[in-house]
Student: 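Let me give you the structure first, and then I'll get to my questions.
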Amino acid sequence: MVEVKILVTVILGLMILHGESEYIEYNTSQRIVPGKINVHLVPHSHDDVGWLKTVDQYYVGANNSIRGACVQNVLDSVISALLEDKNRKFVYVEVAFFQRWWRQQSEILKIKVKQLVNSGQLEFINGGMCMHDEATPHYIDLIDQTTLGHQFIKKEFGQKPRVGWQIDPFGHSAVQAYLLGAELGFDSLFFARIDYQDRAKRKDEKTLEVVWQGSKSLGSSSQIFTGIFPIHYAPPDGFTFEIHDVSPPIQDDALLFDYNVKERVDDFVTAAVAQANVTRTNHIMWLMGEDFRYQYANSWFRQMDKFIHYVNMDGRVNALYSTPSIYTDLKNAAGELWPLKTGDFFPYADRENAYWTGYFTSRPAFKGYVRMMSSYYLAARQLEFFKGRGSSGLNIDALADALAIAQHHDAVSGTEREHVAADYAKRLSIGYAEAEKVVASSLALLVDSRLSSRHEDAVTKFQQCPLLNISYCPPSEAALSNGKSLVIVVYNPLGWKREEAIRVPVSTEGVIVHDSDGKEIESQLLPLSNASLSIRNYHVKAYLGRSPGETIKYWLAFSVSVPPLGFSTYIVSTDKRAGSSTISEVYTSEGNKDLTAEVGQGNLKLLYTTNEGKLARYVNSRSLVETSAQLTYSYYSGYNGTDRENQASGAYIFRPNGTFPIESEGQVSLTIMRGPLVDEVHQQLNPWIYQVITRIYKGKEHAEVEFNIGPIPVDDGVGKEIITKITTDMVTNKTFYTDSNGRDFIERVRDYREDWDLQVHQPVSGNYYPINLGVYIKDESTELSVLVDRAVGGSSLVDGQIELMLHRRLLHDDSRGVGEALNEEVCVLDKCRGLTVQGKFYIRIDPLGDGAKWRRKFGQEIYSPLLLAFTEQDGNNWTNSHVPTFSGVDPSYSLPNSIAVITLQELASGRILLRLAHLYETGEDKDYSQMTSVELKKLFRTKKIHKVTETNLSANQERAEMETKRLVWKVEGSSEEPKVVRGGPVDPKKLVVELAPMEIRTFLIDIDYPKMYDF
Ligand SMILES: [Zn+2]
């Protein structure tokens, strides 16, 4: 009995020693302790808007055999966990998911969630529809997808996100820092992935946190505090608490075995001190979350509650629930001088032979489709604005949504699974189909307005041809074969007048083209090659499930002239008389005795050697540029990953294992077509690089190269990555220039990084950079520019040479999570074959200092091609009964060549969203790198502008408000910089907007009667 008594006393004693064993009230109150290391616990979940599963599968938790992930669980459980304790916090990022969840919640819960947001317990950060990629999207898409998310957050919660949160993208762009950061009003930007060599040095020197100035032109006026995580976006080892995670929980129940409070507190302090040793100030941030975590949020919050309680009782360090905004404010309040960062964080390598530069090109057809839809969305919004939003019930919101999601860092990047890529494409195609109706009805309203001023009376049915690139356009084929005339309305989404050639497939010769004044205009027929016909037949079947029907014979090309933000009309009819369109003269090099062939009839001429069938010289008789020039194709064989490192070339990573020139077997014959408007050189290099067409249009001084590559053969068991090289004898000192998301150009030097001494392990892939607009090189007298029609990877690996990667087909997974080889296929019924990709790039050589004019102006024209709409007419009276030309701007007005309208849209609220972009950087061009003005009164023609409000980039707050709130950061070293110029305030009477180089200005405009367009 005595023994029993003693035992009871001991147990009671232990229980008293460890406090109340039954209920412990954890003290999670938020406090900062000056002089101690403050550990900011930031609960978050990284929810990919599609990757291994589609966005909807991730949301509802379907297809869990691929991965157990359900974002509904995350949001449901996080909200209950936050409601349980007001000290708990959570940040949410991806509005595409949040929106799906929000619309299904009860009003009662919505009120509670709004309270959580107002109190700061739940904070939206980043706040775009997705966490976009930074290498492969165009800046206009980045702005649009962020605006969509920010507008949702503003509308539902009245909040404006303050923090950029790009934790997973594979490298970071200059445009992200200044445009999608500072210009949004963000006070900070955080991410994980930078080059492993860079990270090691930054940890050593405590320079993981910097002030980043992404734009040379805008300098300190667009800088942002940027924090790079010391390891990744997960918690320190041993602190992950999802249900299946293996980290030891805090065991603080004395009645149970393995009580471990002290050990766990020690672990916490050790990890905090380690991080504090590589971080400035006494604030450090722990990312308490990972991919698709918090599906049962309590498993995390329970542990964090305990850590905060016991760590603060221990007192060596201080722990608190926090958010990146709180962390940023404390970093700012510390008054520290921060290191300055310029340029960007490309390319990214996570170890020696693992450069993430393959995804710059992965899924090239999808990248092309995204770009095509992006430009269509821009034009469709303009036309919707001219018509008036909502007057017909149609809208372009589905395309906006699909495009936004497609900017995700596993979407346009090409790093998603095949079925997920198909899901993104399907969404785009559904969105396009709706936008197409808006475009058709807007154009009908505009052309029919002569019949009646009433909207409903618009009768013209317009068709469009999204498969025009594969020479499929039913209206252009049908109208002429049934004896009717084809009416083509050509819309120009740019603010300046354009004169260029368009082309449509036709089934007959003897056609004649008239402009809207009834004047016959010159046209040219180019015979369709067998190769083009077979591409057409196969892919029409693949996309539409049926054969294309009509047999077409020619491309009909003619020049059009289109006013700014407006259209012109052209009428094509059959006419057997002389004087109809000229059939191209066709010349083949085969059997021909001439040694060279000259192509081009204007200032630009390309000289080909006929025996080898190769481009040899580039001559411009106006600018007097004359140089040797070659255009060749090669491939890299993809590393199969059988070495010690087990690193293959794959969707993310480019790891070549040798390079092989693509030489034709035997002589390459040239087929040259010449005519009054365009000269074309056709070549087939091998069975899978065919129809390389080089075009020179009359009056243009660049060469357009169309390529058709695929199916890339892999039956030898070797994956291949196809490149083209443009080679000159220019002396370029290892230096080349590539754009950042289609905007600023950044100087690149081969085998060199500005921020650290580069150890070169991969001399090819380590010198690859993302290209969205173009790449150029220069020497003492000339500059060679190459512009692209979609995101690609490229480099200059040899002086005088530019290379672009155009297509990749690989057989191994590169072990970065996607778990699939990048082996794209196109199927007709059940028969599949490797993907063929068609695209274009454009080459021009200018005297030194003249290249920017072409890169900027023509670059914008590539992004915004003319939009073609077709209808047919019986008689000959179209122009008498319809409005044949239209311009949204004053007839005497056109935007300067240095300015683009990148957004013109009527919002659901009826207000007009206008964004104007200066296209040049400071010092880029002697004529255009200057302050430029836009007259809003002339841009809006007959509209009376009530009020113009300048806003931040995503239009969720007034610009003045953003500037007032902006945190000021101090930078190490001399703060001398050339004075940054920006346009001044807009006088409400004059309504003239000034734009300084690289400036983008965003306005909300209230106008009279936005739904009517007066004539
Ligand atoms: Zn991700």
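One-based numbering, in listed order, for ligands and for the atoms of each. Since the model is a prediction, treat every value here as computed from it, not as a measurement.
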Student: Quick one: the OD2 of Asp168, the Zn ion (ligand 1), NE2 of His409 angle, rounded to 10°, please.
Tutor: 90°

Student: Just jot down the side chain to side chain contact (heavy atoms under 4.5 Å, CB included) partners of Pro43, sequence neighbours excluded, or say none.
Tutor: Phe90, Tyr294, Phe301, Met304, Tyr321

Student: Counting backbone and side chain alike, does Asp48 bring an N/O/S atom below 2.8 Å of the Zn ion (ligand 1)?
Tutor: yes

Student: Any N/O/S of His46 under 2.8 Å from the Zn ion (ligand 1)?
Tutor: yes

Student: Got a salt bridge between Glu123 and Lys89, using NZ or NE/NH1/NH2 to carboxylate O under 4.0 Å?
Tutor: no

Student: Please, which pairs that meet salt bridge (Lys or Arg N to Asp or Glu O under 4.0 Å) have at least one residue in residues 161-179, sequence neighbours excluded?
Tutor: Arg162-Asp187, Arg162-Asp329, Asp168-Arg193

Student: So, applying side chain to side chain contact (heavy atoms under 4.5 Å, CB included) with Arg790, which one of Ile771, Val412, Val837 is it?
Tutor: Val837

